[in-house]
Number of protein chains: 2
Amino acid sequence: MRLSGGVESALHCCVVLTASAAPVPAARLAELHGVSATYLAKQLQALSRAGLMQSVQGKSGGYVLTRSATEITVLDVVEAIEGTRSTFICTEIRQRGPLARPQEACAAPCPIARTMYAADRAWRAALREVTIADLSGAVGEYDGGVLSRIGAWLLSPQP
Amino acid sequence: MRLSGGVESALHCCVVLTASAAPVPAARLAELHGVSATYLAKQLQALSRAGLMQSVQGKSGGYVLTRSATEITVLDVVEAIEGTRSTFICTEIRQRGPLARPQEACAAPCPIARTMYAADRAWRAALREVTIADLSGAVGEYDGGVLSRIGAWLLSPQP
DNA sequence: GAATTCTTACTCGGATAGGTCGTGTCCGAGTTGCTCCGG
DNA sequence: CCGGAGCAACTCGGACACGACCTATCCGAGTAAGAATTC
């Protein structure tokens, strides 16, 4: 089970957008992070569809966060990219084979599915505890000037 | 992020093997669960490599659990199939691009990676809390006779 | 009757094709900012 | 000097190939049980 690589880029973009009030084009974000511009655009579109950021068209357009960074959790970003479905999908094995349990006895999920679902909820709960603002704060704590430098670079004209 | 479908089969097999002291062939387990026999063999090989079950060759061979069901956690099974690597892999985006942070400033993982790693640990911790014996007990609690019926079926000669 | 040898059938194990989803890319629709022209 | 129209450039958005991993499969190596044979 491997998480999509786009999640990492999406999270970095959200943190970076904290440092800029003006819209930032996808190409600029891709250059800053050293990733493929066309592929990053795909992730940003997903974030836009999820309502986390808003796209502004036109000459000085780009992406802007729709809410305060304190209102966006890491889980929001992960689910925007990966979807909200559980990582485990039960195929109801107990209802198959020669000793299949009757369907009326399978109203509740089996213990295996319950365990996997509980672990999935624990994973999502941990991601829900952290907001983009927390991440920005931790980055600033590490290097107080890096976010302002990034904000200035995002606004500077591209050569 | 989707979990491999083989995990479900592997867990069911572990629970079922609790009801049989004698080795059970892979083909018999596949028939019981209504899944592809050759594909299930692949999962059982992985469990065997991980040391969770032991393979017995020869005429009345098959697979047997190597430890008590109370000593096998769901995490053991999941990691045997999916591997132990974290679901999130950090590509060190902060060290790329025009504003890359110097390498000596990146000894510790970035806040994003820390968050994802923490969620991964929470997921694994939840899976570690449940043992195969717990699953067997929950199944028996639901239908006390089903495990003994399965045990008898596993020993009965195949037509 | 007991030990031994042989056959036989059954088991696992790794190496081998196909399908699906993530990865990476491209070009078109739409909008905004700027420039030029006229009053 | 001011207003408006036109242009041009830049933006996002969805549709299109490529590749890797999961899924599914096959056949060969090895082993234990059982039967037949011999002493």
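Chain letters run A, B, ... following the sequence lines, proteins first, then strands; residues in each count from 1. In this text, all values refer to a predicted model and were calculated from it rather than measured experimentally.
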S.K.: Indicate the atoms forming the closest heavy-atom contact of A/C106 with A/Q95, along with that distance.
M.R.: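 Closest approach of A/C106 to A/Q95, heavy atoms only: CB-NE2, 3.3 Å.
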S.K.: Name the one of B/R49, B/R124, B/R85 that satisfies salt bridge (Lys or Arg N to Asp or Glu O under 4.0 Å) with B/E79?
M.R.: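 Result: among B/R49, B/R124, B/R85, B/R124 is the only option passing the salt bridge (Lys or Arg N to Asp or Glu O under 4.0 Å) with B/E79.
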S.K.: Given D/dG14, is OP1 or OP2 found less than 4.0 Å from the side-chain N or O atoms of A/R49?
M.R.: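 For D/dG14, OP1/OP2 do have a side-chain N/O of A/R49 under 4.0 Å.
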S.K.: Quick check on contacts: within residues 80-99 of chain B, what sits under 4.0 Å from DNA chain D by heavy-atom distance?
M.R.: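 Per residue number, the list is empty: none.
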S.K.: Does B/M1 share a hydrophobic cluster with A/V130, counting links as ILVMFWY side-chain heavy atoms below 4.5 Å and allowing steps through other members?
M.R.: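 B/M1 clusters together with A/V130.
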S.K.: What is the separation between atom CE on B/M1 and atom P on C/dT23, rounded to the nearest whole Å?
M.R.: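 Between P of C/dT23 and CE of B/M1: 13 Å.
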S.K.: Using residues 51-65 of chain A as the side-chain source, report each donor-acceptor pair under 3.5 Å to any protein atom, sequence neighbours left out, with the distance given to one decimal.
M.R.:
none

S.K.: Take atom CD of A/Q43 and atom C1' of C/dT23, then tell me their distance rounded to the nearest Å.
M.R.: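 That distance rounds to 9 Å.
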S.K.: Quiz question: by atom type and distance under 3.5 Å, do the side chains of A/T131 and A/E71 form a donor-acceptor pair?
M.R.: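 On atom types as modelled, these side chains do not qualify, holding no pair under 3.5 Å.
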S.K.: Side-chain N or O of B/S36 versus OP1/OP2 of D/dT25: is the shortest distance under 4.0 Å?
M.R.: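 So the side chain of B/S36 is within the cut-off, an N or O lying under 4.0 Å from OP1 or OP2 of D/dT25.
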S.K.: Establish, with yes or no, whether the OP1 or OP2 oxygen of D/dC12 is under 4.0 angstrom from a side-chain nitrogen or oxygen of A/Q45.
M.R.: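 For D/dC12, neither OP1 nor OP2 has a side-chain N or O of A/Q45 closer than 4.0 Å.
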S.K.: A/L40 has an atom CG; how far is it from atom P of D/dC12, in whole Å?
M.R.: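 Answer to the nearest Å: 10 Å.
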S.K.: Going by an N to O cut-off under 4.0 Å, is there a salt bridge joining B/R2 and A/E82?
M.R.: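 Salt bridge between B/R2 and A/E82, a charged N being under 4.0 Å from a carboxylate O: no.
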S.K.: Think B/S55 has a side-chain N or O under 4.0 angstrom from the OP1 or OP2 of C/dT11?
M.R.: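 For C/dT11, neither OP1 nor OP2 has a side-chain N or O of B/S55 closer than 4.0 Å.
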S.K.: Scan nucleotides 26-31 of chain C nucleotide by nucleotide, 5' to 3', and note B when protein non-hydrogen atoms come under 4.0 Å of the base, S if they reach only the sugar-phosphate, - if neither.
M.R.: B---BB
S.K.: Report the distance from atom CZ of A/R2 to atom P of D/dC21, rounded to the nearest whole Å.
M.R.: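 So the CZ-P distance, A/R2 to D/dC21, works out to 7 Å.
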S.K.: Regarding B/D143 and B/R149, does a basic nitrogen lie under 4.0 Å from an acidic carboxylate oxygen?
M.R.: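 Looking at B/D143 and B/R149, the cut-off is met.
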S.K.: I want to check something: taking the side chain as every heavy atom from C-beta on, are B/L29 and B/L44 in contact at a cut-off of under 4.5 Å?
M.R.: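 A side-chain contact exists here, since the closest heavy-atom pair is under 4.5 Å.
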S.K.: What's the closest nucleotide to the B/K42 side chain, out of D/dG13, D/dT23, C/dC12?
M.R.: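 Closest nucleotide to the B/K42 side chain: D/dT23.
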S.K.: Going by side-chain heavy atoms closer than 4.5 Å, which hydrophobic residues are tied to B/L155, directly or by a chain of links?
M.R.: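 Taking Ile, Leu, Val, Met, Phe, Trp and Tyr as members, B/L155 stands alone, with no cluster partners.
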S.K.: In whole angstrom, give the distance that lies between atom CD of A/Q54 and atom P of D/dG13.
M.R.: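 Going from CD in A/Q54 over to P in D/dG13 covers 10 Å.
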S.K.: Please give me every residue in residues 4-15 of chain B whose heavy atoms get under 4.0 Å of an atom in DNA chain D, ordered by residue number.
M.R.: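 Listed by number, they are B/S4, B/G5.
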S.K.: Mind calculating the distance between CG (B/L47) and C1' (C/dC12) to the nearest angstrom?
M.R.: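 Answer to the nearest Å: 14 Å.
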S.K.: Of all residues at least two apart in sequence or in a different chain, which pass the salt bridge (Lys or Arg N to Asp or Glu O under 4.0 Å) check with B/E92?
M.R.: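 Applying salt bridge (Lys or Arg N to Asp or Glu O under 4.0 Å) to B/E92 gives B/R94.
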S.K.: Grab the CE-P distance between B/M53 and C/dG13 for me, whole Å please.
M.R.: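 These atoms are roughly 11 Å apart.
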S.K.: Output, in order, the C-alpha distance, side-chain angles, deciding distance and verdict of side chain to side chain contact (heavy atoms under 4.5 Å, CB included) for A/L47 and A/I81.
M.R.: CA-CA 7 Å; A/L47 294 175; A/I81 305 289; 4.3 Å; yes
S.K.: Between D/dC16 atom C1' and A/Y39 atom OH, what is the distance in whole Å?
M.R.: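 The distance from OH of A/Y39 to C1' of D/dC16 comes to 16 Å, rounded to the nearest Å.
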S.K.: Tell me, do A/Y142 and B/P111 make a side-chain contact under 4.5 Å, heavy atoms counted?
M.R.: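 Answer no - side chains too far apart.
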